[in-house]
Amino acid sequence: MAKNIYLIGGSKGGVGKSLLTMATIDFLMERGESVLLVESDTSNPDVWKTYKDSVDAELLNLDEADGWIQLVNACEGKPDHVVVINTAARNNKGVSAYGETLSSTLAELQRKLVTLWVINRQRDSLELLKDFMQAIPNTEVHVVRNGYFGEESKFELYNGSKLRTTVEERGGKSLTFPDLADRVSDDLYSKRMSIAAARQDMPIGNRAELTRWRNEVRKMLETVIHA
């Protein structure tokens with residue numbers, strides 16, 4: 001069995017996909033896993049620019065059929081690598097049109113597809129997830145409430161929804177991604193620092209906050225990531 005594919009979804013911009021992708025890569029690297037990053041945000045590939053020198057990385061346009069073909073070929077070529085896909089804000093159309101290219105090859109690739117779907121507190125996060133689950137029905141889906149938008153109880157639309165029931169009945173989890181202080185996350189983005197590099201180079205207070213956050217993220221990811 002080849003390593004898992006972890007797709008970080010959400011479709012909307014600004015929900016926190018990139019930070020979760022970085023946290024996932026950091027988590028896997030800490031455990032000695034070989035990682036293949038697939039960056040599909042071709043217009044603003046911040047995660048790719050941050051990690052292209054640390055892990056194997058591909059920059060692919062998943063709005064087009066050719067991008068999905070390249071994705072499947074890359075997965076086949078590195079069966080010993082855990083694949084982490086950072087999706088772009090617009091990718092739901094590409095998923096609907098071409099997602100079957102990946103979905104139909106999972107058995108032959110001998111890989112499991114696991115989706116971490118990041119949400120804010122708005123209704124469209126949930127509607128986009130419904131569309132995604134219809135387009136790729138054979139993925140394990142976990143919903144990640146981004147703590148930047150408030151504590152877990154504030155996600156009332158999702159917490160009381162039929163969609164949450166559906167996700168959990170299919171074996172998915174409802175998780176909360178811990179918030180990271182703005183001054184630290186801003187540094188990560190503006191300086192394009194990996195989490196590992198930031199732990200070495202940031203001022204001591206920033207490092208302490210990053211370590212606190214990283215420990216909380218580890219607890220969350222340990223429940224859903226089994227490379």
Side-chain angles (χ1 to χ4, degrees), residues 3-10 12-60 78 81-89 91 114-120 142-152 173 175-227:
K3 299 286 187 174
N4 289 349
I5 301 170
Y6 293 95
L7 185 148
I8 314 301
K12 293 179 51 164
V15 294
K17 297 185 299 295
S18 292
L19 188 57
L20 179 56
T21 300
M22 292 171 64
T24 301
I25 294 170
D26 179 66
F27 177 87
L28 291 164
M29 290 178 68
E30 186 188 38
R31 279 150 182 74
E33 296 286 351
S34 298
V35 176
L36 170 61
L37 165 66
V38 175
E39 172 68 89
S40 69
D41 189 349
T42 54
S43 62
N44 191 28
D46 285 336
V47 179
W48 179 79
K49 289 178 179 178
T50 300
Y51 279 96
K52 63 183 176 66
D53 295 326
S54 303
V55 301
D56 290 311
E58 299 277 355
L59 188 60
L60 303 178
K78 296 185 182 293
H81 284 53
V82 183
V83 180
V84 180
I85 304 172
N86 184 39
T87 61
N91 272 154
V114 179
T115 297
L116 303 178
W117 191 269
V118 191
I119 64 171
N120 58 17
H142 306 288
V143 173
V144 181
R145 295 165 291 216
N146 189 346
Y148 176 82
F149 300 105
E151 60 188 29
E152 183 178 313
K173 297 182 184 295
L175 308 167
T176 300
F177 188 47
D179 187 25
L180 176 63
D182 287 345
R183 70 164 59 218
V184 181
S185 60
D186 288 349
D187 260 3
L188 288 174
Y189 287 125
S190 64
K191 298 178 182 178
R192 294 200 174 103
M193 284 193 291
S194 70
I195 293 171
R199 291 173 62 210
Q200 300 295 322
D201 298 338
M202 282 184 170
I204 186 170
N206 296 42
R207 295 200 312 268
E209 164 62 5
L210 183 65
T211 298
R212 177 205 64 79
W213 172 82
R214 190 169 177 265
N215 289 338
E216 292 301 311
V217 170
R218 183 190 300 119
K219 293 175 187 176
M220 184 195 83
L221 291 178
E222 282 175 343
T223 68
V224 293
I225 290 187
H226 312 286

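Throughout, numbering of the chain's residues begins at 1 and tracks the sequence. Values below: every heavy atom of this structure, side chains too, minus hydrogens, waters and symmetry copies.
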Next item on the list: Before accepting this row, confirm whether a basic side-chain N of the pair Arg218/Glu30 lies closer than 4.0 Å to the acidic partner's carboxylate O.
Entry: yes
Note to self: Whether Lys78 and Glu58 form a salt bridge (side-chain N of Lys/Arg under 4.0 Å from carboxylate O of Asp/Glu) is what I want to check.
What the structure shows: no
How about [X] and [Y]: do any of their side-chain heavy atoms sit closer than 4.5 Å?
X      : Y      : value
Asp41  : Val47  : no
Ser18  : Asn86  : yes
Glu33  : Asn4   : no
Val15  : Asn146 : no
Ser40  : Leu60  : no
Val144 : Met220 : yes

Next item on the list: Taking side chain to side chain donor-acceptor pair (under 3.5 Å) as the test, write out the residues that go with Arg192, two or more places apart.
Entry: Asp46
Margin query: Could you check whether Ser185 and Asp187, counting side-chain N and O atoms only, form a donor-acceptor pair closer than 3.5 Å?
Written below: no
Item checked: Whether over 12 other heavy atoms sit under 6.0 Å from Arg31 CZ -> yes
Margin query: Looking at Tyr148, I'd like to know if its OH atom is crowded, meaning that more than 12 non-hydrogen atoms belonging to other residues, nucleotides or ligands lie closer than 6.0 Å.
Written below: no
Next item on the list: Going by the side chain to side chain contact (heavy atoms under 4.5 Å, CB included) test, name the single residue among Val114, Val83, Val224 that passes it with Tyr6.
Entry: Val114
Next item on the list: With sequence neighbours left out, write down each residue that passes side chain to side chain contact (heavy atoms under 4.5 Å, CB included) with Ala57, or none if nothing qualifies.
Entry: Leu37, Trp48, Lys52
